[in-house]
Each structure stands twice: as C-alpha cells, then as structure tokens.
Amino acid sequence: MTDNSTVRIDGRHLRCADVVRVARRSAWAKLDDAALGRAREAYVVARDIGAKRAVYGRTTGVGANRHDVVDPDSADQHGLRLLSSHAGGTGELAADPLVRSTLLIRLNQLAAAGSGVHPRLLEALSGALRVGALPRVHSLGAIGTGDLSALAEIALTLAGRRPWAVGSLPPVPISPGDALAFISSNAATLAESVLAWHDLRELLHSSHLVAGLSYCALGGSPEAFSARVHAQRPHPGSVRSAAEMRRILWGDEEPRPGRRLQDPFGLRAFPQVQGPALDAVDSLESVLSTDLNAAAENPFIDIETENAYHHGHFSTAYLALSLDHLRAALHHVAELSAARLGDLVEPELTGLSPFLAAGPSGSSGIMILEYVAHDALSQLRHAAAPVTLGTAVISRGLEDHASFSTQAARSTSAAIGAYRTVLACELLAAVRALRLRSEELPHAPVAEAFRIAAASLPMVAEDHPLTEEIAQAEQLVAGLAAV
C-alpha cells in the first residue's frame with residue numbers, strides 16, 4: 001500500500017479488504033513494476049519451454065484433447081479459437097463491482113508470475129482498472145475447476161473481439177500460449193466470495209448490537225456472557241462474541257441483574273452459536289487470502305527452475321468447503337435471531353402487550369414480523385444447503401471431479417439478503433420494545449445503537465403496514481457494526 005487510496009498489486013500481498021475497496025471504488029490499483037518484470041521473465045521461460053517440449057494448452061489442446069499437438073504455424077489462431085470456444089457463459093451479466101474485483105484478482109494472480117502470459121495482458125488489466133473499463137461477463141458457466149467462460153470473455157474483450165460494457169481500451173494481441181494461461185484461474189469465483197465474506201462479516205458484527213438491544217428489552221441475565229464462564233470452554237469465536245457482548249452492554253459499568261434465573265436460548269446461548277460463525281468468517285478469509293496471491297495456473301511456469309509443472313491447483317475444494325461451512329454456521333445464527341424475535345412478542349418475557357401492540361384490544365402490533373423473518377429464514381435454509389456433496393465428470397471422463405465452489409459462492413451471496421431481513425425484523429422489534437418500556441439504557445455502546453436506530457425508524461403506535469420500516473431496518477443493520 002502506498003497510501004490509503006492505492007492498492008499495490010505485486011502478486012503477494014493482496015488482502016480481502018483491498019479487493020472490496022477497489023471493487024466498490026474507494027481505492028485504486030497500481031501494478032508493481034517489479035512484479036511486471038517477474039511476469040516478463042516467466043513469459044520468456046514459458047516461450048522457451050514450449051519451443052522444446054509439449055506444454056499443456058500451449059503446444060497442445062486442452063481437456064481430453066491434451067495429446068493433440070497444435071501446429072506451431074497456427075499457434076496464434078489456436079489461442080483465439082480456445083478463447084472463443086470457452087467464452088460460452090450465459091445467465092445474467094455480473095454486476096460492476098463483481099467484474100471489477102475479478103479483474104483485480106486476476107491481475108494480482110498474474111503478478112505472482114506463474115502463468116507465463118505476455119506482460120501486456122497485465123498492463124491491459126491494470127489499464128482497465130485505472131480508466132474504469134469493464135468487460136461484459138456472464139454469471140453462469142463454471143463448476144469450481146476454473147472460471148473458464150468468464151475469463152475467456154474478459155480475454156476476448158481485451159483482444160478487441162467482444163464489446164466492452166463500460167469504457168474501452170485499445171486491443172492487445174493474444175500471444176501463443178496466452179489463452180489457457182489467462183483463463184486458468186478461479187478469479188471470478190474468488191471475487192464473489194470476497195464480496196460475500198465482507199458483507200457477511202459486517203452483518204455478523206452488527207448482530208451483536210441487535211442481540212444487545214434485544215437483551216436490554218428482555219431484561220437478560222449477564223451471567224451467560226461472563227468471562228469466567230467462557231474461560232471454561234475457550235473456543236475463540238465464542239470467547240470473542242461474549243467479550244463483544246460485555247463491551248456493548250456494559251462498557252465500564254457493572255452489569256445489572258437479570259429478570260430471570262435463566263434466559264431463553266436466544267440470549268443465553270448467543271456466544272456459543274455466534275462464535276462458530278465468527279470462526280468460519282475468519283477461516284474463509286484465510287483461504288481467500290491464500291488464493292488471491294496464488295500462482296495457481298496449470299501448468300505452473302517456474303522462473304527459478306525454468307520448468308513447467310502440470311498440477312491440480314485448479315481445484316477449489318478449500319474454498320467450496322469453507323463457504324459451505326460459513327453458510328451452515330450463519331443459518332444457526334439466524335435461527336437464534338428469529339427466536340429472539342419470538343421472545344420479544346411474548347408478554348411473559350417482556351412485561352409488555354402481546355406483539356408489542358399499542359392500540360385497542362386485539363391489535364396485531366408487529367405480529368407480521370415473525371412471518372417475514374421465517375420466510376427469510378427458509379430462504380437462508382435453502383441457501384445453506386451444502387453444494388460440495390456432488391461432483392461432475394466431464395471432458396470425456398478426464399476431468400472427474402468438481403468442487404462447485406462457484407455455486408457455493410453464489411449461495412453465499414444469496415444468504416446475505418436473507419440474513420439481513422431476519423436481523424432487520426429483530427431490530428424493529430427490539431427498538432419498539434425499548435421505546436414502550438422507556439427504560440434508561442446503560443452508558444455503553446448499546447445506548448448509541450438504540451439512538452441511531454430510533455432516529456431512523458419511526459414509532460407508529462397503531463397497527464400499520466411495516467414494509468417501509470423493514471426496508472429501513474435492512475439498510476441500518478450493516479452500519480451498526482461500526483458502533
């Protein structure tokens with residue numbers, strides 16, 4: 001990093017947070033000169049190796065065509081044919097931040113200098129990010145063994161063979177051997193995974209604040225968050241979650257006694273359920289950080305030994321399993337949020353009217369929020385289903401395994417909106433309950449969270465449609481992570 005607005009691309013130090021900043025245009029990418037020099041060395045090595053022996057995808061076909069030798073006199077056309085045949089993506093076009101993050105990740109991977117592509121392709125990707133030019137990239141066409149169709153579309157756009165979606169650059173030639181070397185990557189899947197990681201991490205941080213508001217509204221017991229309790233079973237995530245709840249609820253104050261001997265699970269088991277999700281987010285970040293900076297192209301062009309190595313780094317089992325794990329953990333967290341919502345509409349737990357109604361007898365209050373939350377929870381349950389339990393056998397039986405990390409990333413993106421809705425419903429109920437109680441909150445971050453939420457969410461006593469308030473709460477929840 002040269003400054004807060006620039007991310008240096010050297011193939012070694014790209015962070016998940018950097019990808020998000022560039023994708024959402026709060027920072028710009030700058031290609032490191034030394035990394036470009038290493039890529040140039042790798043290109044020369046790859047060119048020389050291909051002149052001496054067979055190299056997959058450079059002097060041969062790909063997949064089951066791996067033994068078909070390419071005529072050296074038509075190597076340029078072979079590369080263009082390979083890109084054209086693989087640019088068969090379909091479905092919706094990827095959103096601009098996703099395309100931008102794909103370009104950034106692929107540039108950083110190429111800067112790791114293991115692909116052997118011509119350095120002008122790195123310069124073209126860097127130029128596209130600098131001027132804001134974006135290719136048209138379709139969302140469907142990968143199974144976790146390389147984002148071949150998406151990256152072929154990008155390569156053909158750089159070569160002037162496809163129209164740009166936004167802006168443009170002068171076309172760059174595709175050198176012999178560039179085609180497979182460029183598309184041999186999971187950059188698009190990584191891009192979606194990084195953006196999902198960021199958004200879910202923010203929501204999980206916010207869930208402490210929302211749960212804290214519910215705790216105050218329900219008069220929860222502080223014993224469940226005691227440091228002495230969590231020292232007896234010190235899983236990192238649950239210890240961190242309990243510590244965060246203590247910070248949010250009491251700050252430097254002594255906790256107030258609870259109203260009950262034991263709270264419902266939604267409060268009492270919060271750290272034990274939240275903790276695995278926090279650990280899963282950290283684990284995903286570790287996997288992503290490795291892959292963002294990996295020279296994972298097949299074959300690997302090694303500058304030091306001046307050799308080409310054929311391997312299986314196209315497999316993304318680590319990523320797929322990590323994403324499946326995170327969604328499963330998130331579903332448990334969302335279930336607890338829905339449970340606390342159920343607690344907030346129960347008079348025996350709040351001391352308030354059923355469904356926090358404030359109108360005449362029989363008023364429904366926020367009854368509908370439980371329906372909305374469980375609808376969203378069912379969507380999350382569907383998205384949380386593991387995608388790594390199947391596989392695919394393709395290319396005439398040669399390629400006989402797939403991780404489906406692409407589908408895992410897509411399901412993780414889908415889980416974000418569902419969890420946001422569940423959390424928003426709890427937030428609405430907790431804020432309403434605290435307003436009805438008119439109880440002074442401790443001088444701690446939970447009071448600031450209530451102030452922010454109360455300033456954004458209207459208090460309408462009589463029964464009324466809650467659609468707009470749910471939407472407002474959905475916009476609000478991620479921002480609470482900064483409190």
Side-chain angles (χ1 to χ4, degrees), residues 8-14 31-83 86 105-126 145-148 151-152 154-155 158-159 172-187 190 289-316 398-399:
R8 183 167 65 93
I9 303 302
D10 63 3
R12 297 173 178 174
H13 301 104
L14 186 64
L31 179 60
D32 182 70
D33 290 338
L36 185 61
R38 290 193 301 272
R40 185 173 289 108
E41 288 182 58
Y43 167 72
V44 173
V45 169
R47 183 191 62 192
D48 293 346
I49 295 172
K52 298 173 185 176
R53 70 174 180 90
V55 180
Y56 176 74
R58 288 181 171 271
T59 67
T60 74
V62 298
N65 293 335
R66 67 196 183 284
H67 295 307
D68 295 344
V69 179
V70 174
D71 182 353
D73 295 331
S74 65
D76 287 351
Q77 292 305 308
H78 167 68
L80 289 173
R81 285 196 304 271
L82 181 62
L83 292 175
H86 282 65
I105 292 169
R106 192 65 192 116
L107 173 59
N108 192 68
Q109 291 174 328
L110 293 176
S115 69
V117 299
H118 197 289
R120 63 180 161 233
L121 284 173
L122 280 75
E123 294 174 314
L125 287 172
S126 178
T145 56
D147 296 320
L148 305 178
L151 292 166
I154 292 171
L158 295 175
V172 297
I174 300 296
S175 298
D178 277 350
L180 178 65
F182 187 88
I183 68 176
S184 182
S185 161
N186 293 283
L190 288 168
S289 297
T290 295
D291 284 359
L292 294 182
N293 297 286
E297 296 86 4
N298 177 42
F300 164 57
I301 305 301
D302 188 4
I303 299 173
E304 292 186 17
T305 63
E306 297 187 349
N307 205 349
Y309 295 85
H310 298 85
H311 57 78
H313 273 333
F314 50 80
S315 173
T316 48
L398 176 69
E399 299 176 6

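Predicted model only: the values in this text are computed from it and were never measured.
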Between side-chain atoms of residues 37-53 and protein atoms elsewhere (two or more places apart, or another chain), which donor-acceptor pairs fall under 3.5 Å?
unit_1	atom_1	unit_2	atom_2	d
Arg38	NH2	Asp10	O	3.0
Arg53	NH2	Asn307	OD1	2.9
Arg53	NH2	Ala308	O	2.9

[X] side, atom [atom1]; [Y] side, atom [atom2] - distance, nearest 0.5 Å:
X	Y	atom1	atom2	answer
Ile174	Gln77	CD1	CD	11.5 Å
Asp147	Ile105	CG	CD1	9.5 Å
Arg106	Leu151	CZ	CG	6.5 Å
Leu125	Arg120	CG	CZ	13.0 Å
Leu190	Thr316	CG	OG1	8.0 Å

Query raised in the report: Quick one: side-chain contact (heavy atoms from CB on, under 4.5 Å) partners of Ser289, sequence neighbours excluded?
Result: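 In terms of side-chain contact (heavy atoms from CB on, under 4.5 Å), with neighbours along the sequence ignored, Ser289 is linked to Cys16, Glu285.
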Query raised in the report: What's the verdict on side-chain contact (heavy atoms from CB on, under 4.5 Å) for Ile9 and Asp32, showing C-alpha distance, side-chain angles and the deciding distance?
Result: CA-CA 6 Å; Ile9 303 302; Asp32 182 70; 5.9 Å; no
What's the shortest heavy-atom distance between [X] and [Y], and which atoms?
X	Y	answer
Ile301	Arg58	CD1-NE, 4.5 Å
Leu31	Leu36	CD2-CD1, 4.0 Å
Ala111	Gly11	CB-N, 3.7 Å

Query raised in the report: With Asp302, which residues qualify under salt bridge (Lys or Arg N to Asp or Glu O under 4.0 Å), at least two apart?
Result: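 Applying salt bridge (Lys or Arg N to Asp or Glu O under 4.0 Å) to Asp302 gives none.
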Requested in this report: Evaluate the side-chain contact (heavy atoms from CB on, under 4.5 Å) criterion for residues His313 and Phe300: first the C-alpha distance (whole Å), next the side-chain angles of each, then the deciding distance (0.1 Å), finally the verdict.
Outcome: CA-CA 9 Å; His313 273 333; Phe300 164 57; over 6 Å; no
Donor-acceptor pairs under 3.5 angstrom involving side-chain atoms of residues 176-185: please list them, not counting sequence neighbours.
unit_1	atom_1	unit_2	atom_2	d
Asp178	OD1	His118	N	2.9
Asp178	OD2	Ser175	N	2.9
Ser184	OG	Asn298	N	3.0
Ser185	OG	Gln109	OE1	2.7
Ser185	OG	Ala187	N	2.9

Query - Residue pair Thr60 / Val55, side-chain heavy-atom distance below 4.5 Å - result: no
Report task. Just jot down the side-chain hydrogen bond (donor to acceptor under 3.5 Å, both in side chains) partners of Asn186, sequence neighbours excluded, or say none. Result ->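 With neighbours one apart ignored, the set is empty.
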Query raised in the report: Partners of Ser115 by side-chain hydrogen bond (donor to acceptor under 3.5 Å, both in side chains), sequence neighbours excluded?
Result: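 With sequence neighbours excluded, Ser115 shows a side-chain hydrogen bond (donor to acceptor under 3.5 Å, both in side chains) to no residue whatsoever.
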**Report entry** Steps toward side-chain contact (heavy atoms from CB on, under 4.5 Å) verdict (Leu110, Glu297)
**Finding:** CA-CA 9 Å; Leu110 293 176; Glu297 296 86 4; 3.9 Å; yes
Query raised in the report: Is the backbone N or O of Leu14 less than 3.5 Å from a side-chain atom of Asn293, with the two atoms forming a donor-acceptor pair by type?
Result: yes
